[in-house]
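Below is one structure; the comments refer to it alone.
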Amino acid sequence: MTETDESLASQARYFHQAFFKGELDQEVIDRYIAANRHCLPDIDARSKRLADRVVSERLDVEAVEFVLRRTRHNTIVTKKLNILFYLVEVRSRYFPLFVNEEKRRLRALVSLGLSAAAAVYKLAKGKYLLRKHGLL
Amino acid sequence: MDCFEAIIIGSGPAGTAAALQLEGRNVAVLDVGFREHEAYPFHGNLYDLRRTQPDLFENLIGRNFESLHNIHERPISLKLKAPFMRYVMRESEFLSPLTSATFEGVISLAQGGLANAWGAGVYRFNARDLAAFAITTADLDPFYDALTEHIGVSGSNDDLAPYFGSEPRLQEPLRLSPFAAGLLQRYERRKTYVQSRGVTIGYPRLAVLTRPHHGRPAFAYENLEFFRPYDRAVYNPVYTLDDLVARSRIRYLSGRLVLHYREFPDRVEVVARNLSSQTIETFSARNVVLAAGALNTARLVLQSNGDYDTRLPVLDNPMACIPLFQWSRIGAALDPYDSSFAQLNVMFDDPDSGDLFQGTLFGATGPLRSDVIFQAPLTISANLLWAKYLAPAMGLLMMFYPAKPASCGTARLRPDNVLEIEYPPREPGHVERRLTSVFRKLGYFTSAGLWQYPGMGGSLHYAGMLPMSTRPDRYQTDPDGRLEGTKRVFVADGAVFPALPGKNLTFTIMANAMRVASGIRGRLE
């Protein structure tokens, strides 16, 4: 199935909002659409439904993706997020999010610890959301 | 038809080394020879560029989303997928097809071959490495020496000299990252213990210049190895080829895909397809040197014999990738003036098996984080944070296992020109646990859950299809590289290796290619 530009643009904005602050540049949205056409031109109906429902029902995409990646149940959300991350990583606005250029040991240890703990929560939440919305 | 004295097929490390040895004779190199012609648009350090340039999409991702390749296609090496590096594998799936359920082979038809994206490791084989070969170190040493002078090698005559040879002409080694420098210091402090466990650590030998050499500049630590081709500080056979052609020392005929050869009493005819005109051309030579890379050389030999049944042996180094972490460097500032080349080498001499394993320690600054955070085990946010704060604290140890003939793969050519490879799956070894226990004592930690085992074919070290022997059988070669059953067909690439030690093989391929070519030159003269 082919996804519409509108659907892909909505994905880009929603996924971006889940991980980054601020508005997503239109240039990146356009590239996200083009990249999906190039990399994922013909996704199956089930995957399309999954991606659409994550966006339309404002589900926690990180939690859902985490479970899907771990269970290898469906890779479509992972691939789409991966595309988005590539597209933003090469923009200087996002550079500090990807690269640490100052000595920040305490902040690093605290945030790593918290993120690992949060992952446990996200795993549980993701399983719940997938079951509740019949996405498995 | 002109008759060359020799035709060399292929322009990778083997073909170019053979051409260098035969320069000035009536020699032609036949090659497909793809090149990247568009100039890389940026100069400067990758991290400086990423911090200051608003958008590096065309540079790092590509107008055709080249860098997203692994999202939707069979994964390839991170060094081969960037937009300006795609020429290395251009059309290889179409022109030199492979098929296998268990072997992820990579073929390059680019000028310079896979050396366009290599790690630049150059290691001499010693007597132990050559134990199964029909030649000795004395046969190769003059050519190792010549190559060292020709290409420029940086490194150190340190604790690894017994494994890599003592070399008086080494340039200073590349600057180590803080992680690697710390590891080397810890090794020095606990050397007796580490070596008692069979482990020796030291600088790698790299074809990367730290001082200008023969008109090529010193390495500038721009960290662009994953993205930019033709860094003149990093040896590429293309430089040798360009120089030989510019000085009219050889003829270079690119755009030709060699299909097969036919030997006659007084010559060899090489049949090739001209990829521009799609016409068939025939070239004639007194000798032909097969240097198309081990897989393609095997294909050529089988095709030339019309043999679609015989299975030739295939050797490849099994690999393990072990991330090592130093807790005290978590949250450290990333040093962007780094390189993606080997930081250190780790040799593990296993007392139980008697095998020798070469490990290479790499940093984590080269690839984009988006290449790795979706393979890590936590949520995306967590993976991103871990990548950000752990990169300065992490080294990636890539171990090569020796390839044993008893557990090698096989290759057969199908009538449709597809090379069909079967390779038995490898069993994870005991080496990782033994090695990581040593690193733990040095203060470096890892988890078995993070170790990765690339599929067979992933090392890009292919060898063994036409092994050399003092009494060669069919589809084997004599010590001069001559293919058994022929008088004028020589093999100069890794196909002639009868065994594959756990050590990078490219330098030995080059030295042996020069040796084979030297023999041909001697006969011509």
Side-chain angles (χ1 to χ4, degrees), chain A residues 15 18-19 25 27-28 31 34-41 61-63 65-67 69-70 75 78-112 114-123 126, chain B residues 46-73 81 83 227 327-336 364-365 367-393:
Chain A
F15 293 162
F19 297 98
D25 293 340
E27 188 173 49
V28 180
R31 286 176 183 160
N36 270 266
R37 298 250 178 274
H38 179 84
C39 301
L40 307 169
V61 64
E62 181 173 43
E65 187 277 335
F66 187 33
V67 174
R69 177 161 35 97
R70 283 181 65 92
T75 58
T78 302
K79 289 178 180 178
K80 285 176 174 290
L81 288 172
N82 204 172
I83 289 173
L84 180 68
F85 269 68
Y86 272 114
L87 295 176
V88 302
E89 185 175 354
V90 298
R91 296 171 83 82
S92 57
R93 167 186 160 193
Y94 297 86
F95 180 72
L97 300 171
F98 287 86
V99 178
N100 178 39
E101 291 195 289
E102 291 177 19
K103 196 172 170 184
R104 292 191 174 114
R105 184 164 168 74
L106 183 60
R107 182 192 288 195
L109 290 172
V110 169
S111 54
L112 291 179
L114 288 175
S115 70
V120 178
Y121 162 70
K122 289 278 184 173
L123 187 65
Chain B
L46 172 67
Y47 286 84
D48 291 339
L49 292 168
R50 287 177 63 185
R51 191 189 311 108
T52 59
Q53 299 293 319
D55 180 43
L56 291 170
F57 170 76
E58 286 203 7
N59 205 344
L60 302 184
I61 304 294
R63 289 172 221 137
N64 297 311
F65 303 103
E66 289 89 338
S67 281
L68 306 188
H69 179 277
N70 289 358
I71 290 178
H72 62 109
E73 302 276 7
K81 68 180 183 67
F227 302 102
W327 295 136
S328 61
R329 285 195 53 77
I330 292 177
L334 189 76
D335 175 10
T365 55
L368 294 174
R369 302 298 180 267
S370 299
D371 284 327
V372 298
I373 57 179
F374 288 81
Q375 277 80 52
L378 298 176
T379 61
I380 296 172
S381 311
N383 291 341
L384 183 57
L385 278 173
W386 283 72
K388 177 178 171 180
Y389 289 124
L390 275 185

Which bit of [X] comes within less than 4.5 Å of chain B, counting heavy atoms only: side chain, backbone, both or neither?
X	result
A/F19	side chain
A/R70	side chain
A/A34	both
A/R69	side chain
A/K122	side chain
A/L81	both

| query | Checking B/D371 against chain A: side chain, backbone, both or neither under 4.5 Å from a heavy atom? | reply | both
| query | Tell me, side chain or backbone of B/P377 under 4.5 Å from chain A's heavy atoms, or both, or neither? | reply | backbone
| message | Would A/F66 and B/I380 count as a side chain to side chain contact (heavy atoms under 4.5 Å, CB included) here? Give the steps. | response | CA-CA 7 Å; A/F66 187 33; B/I380 296 172; over 6 Å; no
Mind checking the [atom1]-[atom2] spacing from [X] to [Y]? Nearest 0.5 Å is all I need.
X	Y	atom1	atom2	value
B/H72	A/I83	NE2	CD1	8.0 Å
B/L60	A/Y86	CG	OH	11.0 Å
B/L378	A/E62	CG	CD	10.0 Å
B/E66	A/H38	CD	NE2	7.0 Å
A/N82	B/I373	CG	CD1	7.0 Å

Minimum heavy-atom distance [X]-[Y], with the two atoms named:
X	Y	value
B/Q53	A/S92	O-CB, 3.3 Å
A/E89	B/S370	OE1-OG, 2.6 Å
B/W386	A/A116	CZ2-CB, 4.4 Å
B/A333	A/E101	CB-O, 3.4 Å
B/L385	A/S115	CD1-CB, 3.9 Å
A/R107	B/Y389	CD-OH, 3.4 Å

| said: If we check side chain to side chain contact (heavy atoms under 4.5 Å, CB included) with B/D55, which of these qualifies: A/V90, A/V28, A/L87? | reply: A/V90
| Sidechain-backbone polar pair: A/N100 side chain, B/A332 backbone, donor-acceptor under 3.5 Å | yes
| task | For B/K388 and A/P96, indicate whether the former's side chain and the latter's backbone hold a donor-acceptor pair under 3.5 Å. | result | yes
Find the one option among [options] whose heavy-atom pairs under 4.5 Å with chain A are most numerous.
options	result
B/S328, B/P392, B/P336, B/A391	B/S328
B/L68, B/I61, B/L56, B/I71	B/I71
B/L390, B/L368, B/L384	B/L368

| note | Of the listed A/A108, A/G126, A/A18, the one with the largest count of heavy-atom pairs under 4.5 Å with chain B is A/A108
| query | Do the non-hydrogen side-chain atoms of B/I330 and A/R105 ever get within less than 4.5 Å of each other? | reply | yes
| With a 4.5 Å limit on heavy-atom distance, are the side chains of B/R50 and A/V99 in contact? | yes
| said: Students often mix this up, so state it plainly: with edges at 30° and 60°, are the rings of A/F85 and B/F374 parallel, tilted or perpendicular? | reply: perpendicular
